Structures are given as structure tokens and as C-alpha cells.
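Down below is the structure, laid out as C-alpha cells.
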Amino acid sequence: MELDINGQRQAIAPAWRDERLLWVLREHLGLVGSKHGCGVGQCGACTVLVDGVPARSCLLPVSAAAGRRITTVEGLASAGKGLHPVQQAWLDERVPQCGYCQAGQIVAAAALLHEHPVPSDAQIDAALAGHLCRCGTQQRVRAAVHRAARALAEGAE
């Protein structure tokens with residue numbers, strides 16, 4: 001079995017084919033950006049994009065990911081351009097504190113901006129509602145998403 005992860009074909013050893021995608025990403029492929037939080041799809045720390053749509057990798061069997069395009073937080077950055085605008089905005093707005101939930105939030109924010117290039121605060125709140133974070137940086141999260149939206153718009157011009 002092969003998976004398309006961050007634009008690269010990755011061979012998945014037979015021993016990993018019955019696992020959840022999160023464990024294959026972290027333990028088999030060394031992509032540790034997605035975190036194991038609750039393990040039941042409630043916290044959002046493990047969020048990745050599957051064909052551009054946020055998905056909880058702790059729930060997704062590897063077999064269900066075959067033939068689909070998987071993007072992790074590591075895959076948002078590009079070698080030629082550096083950090084994705086959402087990742088850069090997260091740093092610029094000083095969003096991270098403990099950082100555990102950040103990868104899932106960043107991935108979800110990137111998906112939101114792909115769908116809604118100029119999101120409202122309500123759209124941002126809705127897109128990130130399923131991501132548990134106790135750091136209290138929600139205002140900075142919103143500011144970072146708006147900053148990333150501006151950066152993406154400027155880059156498109």
C-alpha cells in the first residue's frame with residue numbers, strides 16, 4: 001500500500017495497514033506534527049487534511065486514506081516558499097503557548113482559508129470550534145487567521 005502524504009508517495013509496510021493514520025504518520029513516517037490528544041476525535045490535535053478537508057487522523061484507518069491526498073502540518077510549508085501564511089501568522093501573532101493543539105488548528109485554518117479567503121470571526125470560530133485549547137489565545141487565533149488571509153490575498157495579486 002502507498003499513501004500520498006504531503007505530495008509524496010509513501011510506502012506503508014504491511015504491519016501498519018491496520019493502524020490509524022495518526023500512528024502511521026508519527027511512528028512509521030516520523031511526521032510528528034499531528035499530536036495524539038484524546039484518541040477519540042474530540043480534541044482536534046491530530047487534524048490533517050484529507051483531499052483538502054480537515055479530518056481526525058486518530059480515527060481514520062490507514063486503509064481509508066489509500067488513494068486520497070493527505071496533508072499534515074509539515075506539508076503546509078513548501079521548500080521554495082518557506083512557511084505557509086497560516087504558520088507564519090501564528091508566529092507573528094504569538095498564538096502558541098503550550099503548542100499541543102496548534103498543528104490541528106493551523107491545518108483547520110488553512111482549510112478554512114481555502115474555502116473562505118476572507119472569513120468572518122464567526123466562520124473562524126466555527127472552523128476551530130472542535131479544537132480544544134486551554135491556553136486562552138482565541139483572540140490571537142482569530143487575528144492570525146485574518147493576517148494569513150491578507151497574506152494569501154497579497155500573494156495572489
Side-chain angles (χ1 to χ4, degrees), residues 1-116 119 124-135 137-138 140-141 144-145 147-149 151-152:
M1 170 189 288
E2 284 190 343
L3 295 179
D4 178 349
I5 300 175
N6 299 330
Q8 296 182 6
R9 304 295 297 169
Q10 299 283 348
I12 305 303
W16 290 93
R17 293 182 184 165
D18 292 329
E19 294 291 337
R20 301 292 177 194
L21 180 60
L22 176 63
W23 300 122
V24 171
L25 293 172
R26 290 183 59 80
E27 305 299 328
H28 183 53
L29 300 175
L31 296 169
V32 296
S34 303
K35 304 294 186 227
H36 178 261
C38 65
V40 294
Q42 298 296 308
C43 73
C46 68
T47 302
V48 298
L49 299 179
V50 178
D51 293 332
V53 178
R56 303 298 206 247
S57 64
C58 72
L59 298 177
L60 188 65
V62 169
S63 59
R68 302 176 80 186
R69 187 175 32 101
I70 310 300
T71 305
T72 67
V73 69
E74 295 95 341
L76 291 177
S78 64
K81 297 180 183 177
L83 294 177
H84 184 280
V86 174
Q87 293 168 314
Q88 187 60 55
W90 237 250
L91 296 173
D92 293 343
E93 293 294 335
R94 297 185 180 125
V95 173
Q97 286 194 14
C98 83
Y100 208 80
C101 61
Q102 301 303 299
Q105 287 181 326
I106 289 168
V107 168
L112 169 67
L113 292 174
H114 183 74
E115 185 73 23
H116 300 283
I124 294 167
D125 292 348
L128 298 175
H131 294 266
L132 299 181
C133 175
R134 302 293 182 241
C135 295
T137 63
Q138 287 79 4
R140 285 186 272 175
V141 166
V145 174
R147 179 186 286 250
L152 286 165

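Here the structure is a predicted model, which is why all the values come from computation and not from measurement.
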Which pairs of donor and acceptor atoms, one on a side chain in residues 42-53, lie under 3.5 Å apart (sequence neighbours left out)?
{"unit_1": "Thr47", "atom_1": "OG1", "unit_2": "Gly44", "atom_2": "O", "d": "2.8"}
{"unit_1": "Thr47", "atom_1": "OG1", "unit_2": "Arg56", "atom_2": "NH1", "d": "3.2"}
{"unit_1": "Asp51", "atom_1": "OD1", "unit_2": "Arg69", "atom_2": "N", "d": "2.8"}
{"unit_1": "Asp51", "atom_1": "OD2", "unit_2": "Arg68", "atom_2": "NE", "d": "3.3"}

Checklist outcome for this item: In terms of heavy-atom contacts, Trp90 and Val145 come closest through CZ3-CG2, 4.0 Å
Checklist entry - Any idea which heavy atoms bring Ser34 and Arg26 closest together, and the distance? => result O-NH1, 2.8 Å
Item to check | Gap separating the CG atom of Asn6 from the CG atom of Leu76, nearest 0.5 angstrom | outcome: 8.0 Å
Checklist entry - What's the shortest heavy-atom distance between Cys133 and Gln105, and which atoms? => result CB-NE2, 3.8 Å
Checklist outcome for this item: Between the CG atom in Leu25 and the CD atom in Glu74, the distance rounded to the nearest 0.5 Å is 8.0 Å
Checklist entry - Rounded to the nearest 0.5 Å, what separation is found between the CD atom of Gln138 and the CG atom of Leu128? => result 9.5 Å
Checklist entry - Which atom pair, heavy atoms only, marks the closest approach of Thr137 to Gln97? => result CG2-NE2, 3.3 Å
Next on the checklist: Nearest 0.5 angstrom please: Leu91 CG to Ile106 CD1, how far?
Outcome noted: 7.5 Å
Item to check | Val24 vs Leu29 side-chain heavy atoms within contact, under 4.5 Å | outcome: yes
Item to check | Closest approach of Leu59 to Pro61 (non-hydrogen atoms, all atoms of both residues) | outcome: O-CD, 3.2 Å
Checklist outcome for this item: Those residues at least two apart in sequence (or on a different chain) that pass side chain to side chain donor-acceptor pair (under 3.5 Å) with Glu2 are Arg9
Item to check | Arg147 side chain to Ala89 backbone, donor-acceptor under 3.5 Å | outcome: no
Checklist outcome for this item: ring-ring contact (aromatic ring centres under 6.0 Å, His included) pairs touching residues 36-88, sequence neighbours excluded, are Trp23-His36
Item to check | Cys101 side chain near Leu132 side chain, heavy-atom distance below 4.5 Å | outcome: no
Checklist outcome for this item: Output for pair (Leu21 CG, Ser57 OG), nearest 0.5 Å, gives 5.5 Å
Item to check | Over 12 non-hydrogen atoms of neighbours within 6.0 angstrom of CZ in Arg17 | outcome: yes
Checklist entry - How long is the gap from CD on Glu27 to CD on Glu19, to the nearest 0.5 Å? => result 9.5 Å
Checklist outcome for this item: When every non-hydrogen atom of Thr72 is compared with those of Val107, the smallest separation belongs to C-CG2, 4.2 Å
Next on the checklist: Taking the side chain as everything from C-beta on, heavy atoms only, tell me whether Val73 gets closer than 4.5 Å to Gln102.
Outcome noted: no
